[in-house]
Amino acid sequence: MLALATGLLHPGVAQTKKETTPAPGGLPVQIFNLAKQLGGVSLEDAGPITSQIQKLVIDHMTEWAANRTPTDVETRRELESVFSLFHYPLDALPATFQQSWKGQTILGAGYTLSWSAYDRQNVLAIYSSSGGKTQFLTLTNFVPHVDMHFVNLPQYAWDDMRFLVWGTRVGKSQDRISVSLYSFDGKNLKSLWQSQDIYDGRMDVLKDKVVIRYLKEDEYVHAVERGEKPPRHQATYQLTAAGMQLVDEHDIPF
């Protein structure tokens, strides 16, 4: 059983040591200088800056990977080096995965860029590796305001490659998770199923089933006001050729 509990992406503690100004030039400096402009900017208004950062990062990763077949660990380390100058309140959390599919290795390379506890923008690029070469295929942006994690799924009767992306959003009394089931057919990446802002959500993947336990926010608030424990709910989904289908939903003990 692969158990995934929601995680809180802490903004950390401000550095107390004296900060040094990075030397001019170089990709990390370019990205750092762009990211500094995000201070006080809401995610909804940050597109002109985050899109520049996204292009710089993806262009670099595409060039870096072109004449090699990097592992997911090597890819994550390269992403870490790109964001090496970041410090509080700026943060960038790389996320990578790899999976064999139809004689090639599919590599996912992404990151979550954050400049406050609530303002987060994520990017996922898909690459294909074979014969000592790696090429960029496509990219997408996962749900806004959340970090990004991956779960590889077994390949059953369907012909495409599938994986789950999930992330946590802070800002309420309980964290919320968002989950998407993605399908990749060799060229196109699309979401077959998605659920956003699941209140106090927790997810388990059990072979061909996905189990999500959660609270309903209004029930939680009313129960706390009465000094009681709210009901917790559990939904079980079956992975199918079309995506995910709800097969059971019931209450469970808090």
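Side-chain contact check for T105 versus Q99: every heavy-atom pair is 4.5 Å or farther apart. Under the 4.5 Å side-chain criterion, counting only non-hydrogen atoms from C-beta, I106 is in contact with S128. You'll find the side chain of D200 stays beyond 4.5 Å of the side chain of Y220, heavy atoms only. Between W115 and L113 there is a side-chain heavy-atom pair separated by less than 4.5 Å. The shortest side-chain heavy-atom distance between K187 and L137 does not fall under the 4.5 Å cut-off. Between D160 and Q155 there is no side-chain heavy-atom pair separated by less than 4.5 Å. Between R213 and D204, some side-chain heavy-atom pair lies under the 4.5 Å cut-off. Within the 4.5 Å cutoff, no side-chain heavy atoms of L139 are placed close to those of I126.
Scanning for side-chain contact (heavy atoms from CB on, under 4.5 Å) contacts around N188 gives D185, with sequence neighbours left out. Not counting sequence neighbours, the partners of Y237 by the ring-ring contact (aromatic ring centres under 6.0 Å, His included) test are W193. Applying the ring-ring contact (aromatic ring centres under 6.0 Å, His included) criterion to F142, with sequence neighbours excluded, gives no partner residue. In this view, S81 and E78 satisfy the side-chain contact (heavy atoms from CB on, under 4.5 Å) rule, not counting sequence neighbours. Residues meeting the side-chain contact (heavy atoms from CB on, under 4.5 Å) test with E74, sequence neighbours left out: W64, P70, T71. Partners of Y214 under the ring-ring contact (aromatic ring centres under 6.0 Å, His included) rule, at least two apart in sequence or in another chain, are H233.
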message: Pair M203, V179 - check side chain to side chain contact (heavy atoms under 4.5 Å, CB included), show working.
response: CA-CA 9 Å; M203 182 175 72; V179 184; 3.8 Å; yes
Residue pair E249, T236: steps toward the side chain to side chain contact (heavy atoms under 4.5 Å, CB included) verdict: CA-CA 6 Å; E249 188 169 15; T236 300; over 6 Å; no
- request: Please assess D91 against R120 for the test salt bridge (charged side-chain N to carboxylate O under 4.0 Å, His left out), listing each intermediate value before the final yes or no.
  value: CA-CA 9 Å; D91 195 13; R120 299 172 176 174; over 6 Å; no
task: Evaluate salt bridge (charged side-chain N to carboxylate O under 4.0 Å, His left out) for K102 paired with D159, printing each intermediate quantity in order.
output: CA-CA 9 Å; K102 292 189 175 182; D159 191 52; 2.7 Å; yes
task: Kindly determine whether T75 and D72 satisfy side-chain hydrogen bond (donor to acceptor under 3.5 Å, both in side chains), including the steps that lead there.
output: CA-CA 5 Å; T75 303; D72 54 340; over 6 Å; no
field: Full working for side chain to side chain contact (heavy atoms under 4.5 Å, CB included) between Y156 and K207
entry: CA-CA 10 Å; Y156 291 105; K207 295 183 179 180; 3.9 Å; yes
task: Evaluate side chain to side chain contact (heavy atoms under 4.5 Å, CB included) for N67 paired with K133, printing each intermediate quantity in order.
output: CA-CA 5 Å; N67 294 312; K133 302 285 185 180; 2.6 Å; yes
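Annotation: the span from L38 atom CG to D119 atom CG amounts to 8.5 Å, rounded to 0.5 Å. Once rounded to the nearest 0.5 Å, the distance linking CZ of R232 with CG of D251 reads 11.5 Å. Note that CD1 of I31 and CG of L90 are 12.0 Å apart. Values are rounded to the nearest 0.5 Å. Between the CE atom in M148 and the OG1 atom in T96 there is a gap of 9.5 Å [rounded to 0.5 Å]. Rounding to the nearest 0.5 Å places OG of S180 at 14.0 Å from NZ of K190. Residue I58 holds its CD1 atom at 12.0 Å from CD1 of I53, rounded to the nearest 0.5 Å.
Under the 3.5 Å distance criterion, with hydrogens and angles disregarded, no donor-acceptor pair is assigned to the side chains of D175 and T168. There is no side-chain donor-acceptor pair under 3.5 Å between Q98 and N152. One side chain, S129 or T134, offers a donor N or O that lies under 3.5 Å from an acceptor on the other. For Q196 and S178, the side-chain atoms include no donor-acceptor pair closer than 3.5 Å. One side chain, Y127 or T62, offers a donor N or O that lies under 3.5 Å from an acceptor on the other.
For R176 and Y199, the positive end is not near the middle of the six-membered ring at less than 6.0 Å and at most 45° from its axis.
Checking side-chain atoms of Q238 against main-chain N and O of D208 turns up a donor-acceptor pair under 3.5 Å. In terms of modelled atom types and a separation under 3.5 Å, the side chain of H60 and the main chain of L56 share no donor-acceptor contact. In terms of modelled atom types and a separation under 3.5 Å, the side chain of S116 and the main chain of Y118 share a donor-acceptor contact. A distance-only check finds no donor-acceptor pair linking the side chain of Q104 to the backbone of S100 [under 3.5 Å]. At least one donor-acceptor pair under 3.5 Å links the side chain of N122 to the backbone N or O of V146. Not one N or O on the side chain of E217 forms a donor-acceptor pair closer than 3.5 Å with the backbone of L215.
Scanning all heavy atoms of the two residues, the minimum distance from V170 to A117 falls at CG2-O, 3.1 Å. Shortest non-hydrogen contact noted between F86 and A35 is CZ-CB, 3.5 Å. A pairwise comparison of heavy atoms in H149 and G167 identifies CD2-CA, 4.3 Å as the closest pair. When all heavy atoms of W101 and G186 are compared, the pair lying nearest together is CH2-N, 3.5 Å. When all heavy atoms of F136 and A125 are compared, the pair lying nearest together is CE1-CB, 4.0 Å.
Summarising the local packing, CD of Q245 is surrounded by 12 or fewer heavy atoms from other residues, nucleotides or ligands at distances under 6.0 Å. Remark: E63 CD is loosely packed, at most 12 non-hydrogen atoms of other residues, nucleotides or ligands lying under 6.0 Å away.
With respect to the salt-bridge test (charged N to carboxylate O, under 4.0 angstrom), the residues D147 and R169 do not qualify.
The aromatic rings of F163 and F150 lie perpendicular to each other, with more than 60° between the two planes, well past the 30° mark. Taking the six-membered ring where tryptophan is involved, the planes of Y111 and F83 are tilted, since the angle between them lies from 30° to 60°.
Residues V123 and V41 fall into different hydrophobic clusters, defined by Ile, Leu, Val, Met, Phe, Trp and Tyr side chains chained together at heavy-atom separations under 4.5 Å. L246 and V205 fall within a single hydrophobic cluster, where Ile, Leu, Val, Met, Phe, Trp and Tyr side chains are chained together by heavy-atom contacts under 4.5 Å.
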